[in-house]
Amino acid sequence: MKSPNSKSPNFYESVYAVVKKIPKGKVTTYGHIALLLGNPRAARAVGYALNSLKKDRESKIPWQRVINRQGRISFKGDTFRAELQKKILHTEGVFFDLGDDQLDFGKYGWFP
DNA sequence: ATCGTGACGAACG
DNA sequence: CCGTTCGCCACGA
């Protein structure tokens, strides 16, 4: 066994696992992922985990399906990344057509 | 081990 | 309504 006594799996892996479960055409929020992990307050940590994704990993994990509670992309300064995310979601059939770059959670939201 | 940081969220004025 | 502040959690140096 590699790690017989690893009591808690890396938070990152848990986040990735949940993100992978998000069906195409749907999106969820950082806070909800944290909630699924059992830490509704760990939204920041979730964002931190996705930020730690490497390029190689990005192609395996649908990070673009995770947005903030406001129904929009929340990047701080990486506008380039934000535009990319928006573009990918557009390809998957998700549109920010509520105005002001907001999307309708009632239509695209995935909150199991 | 302590400090600072960050793709958040909710509350406050 | 808007902008701002505080709290939350995990990770790296």
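In what follows, chains carry the letters A, B, and so on, assigned in the order in which the sequence lines appear, proteins first and then strands, with residues in each chain numbered from 1.
Separating the CZ atom of F105(A) from the P atom of dC8(B) is a distance of 13 Å, rounded to the nearest angstrom. Straight-line distance from the CD atom of Q70(A) to the P atom of dG3(C): 11 Å, rounded to whole Å. Per the geometry, CZ belonging to F75(A) stands 13 Å off C1' belonging to dC8(B), to the nearest Å. Rounded to whole Å, the distance from OH on Y30(A) to C1' on dG7(C) is 19 Å. N68(A) places its CG atom 9 Å from the C1' atom of dA7(B), with the value rounded to the nearest Å. Remark: P of dA10(B) and NE2 of H32(A) are 13 Å apart, rounded to the nearest angstrom.
Every residue two or more places apart in sequence or in another chain that forms a ring pair (Phe, Tyr, Trp, His ring centres under 6.0 Å) with F105(A) is listed here: F111(A).
Under a 3.5 Å cut-off, the side chain of R65(A) and the backbone N or O of I22(A) do form a donor-acceptor pair. Between the side chain of D104(A) and the backbone N or O of G106(A), at least one donor-acceptor pair lies under 3.5 Å. A donor-acceptor distance shorter than 3.5 angstrom exists from the side chain of T91(A) to the backbone of K87(A), with no hydrogens or angles considered. Not one N or O on the side chain of Y12(A) forms a donor-acceptor pair closer than 3.5 Å with the backbone of L53(A).
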Determine, for nucleotides 8-13 of chain C in 5'-to-3' order, which nucleotides have protein heavy atoms under 4.0 Å from the base (write B), from only the sugar-phosphate (write S), or from neither (write -).
BBSS--

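The CD atom of Q85(A) sits 7.5 Å away from the CD1 atom of I88(A) when rounded to the nearest 0.5 Å.
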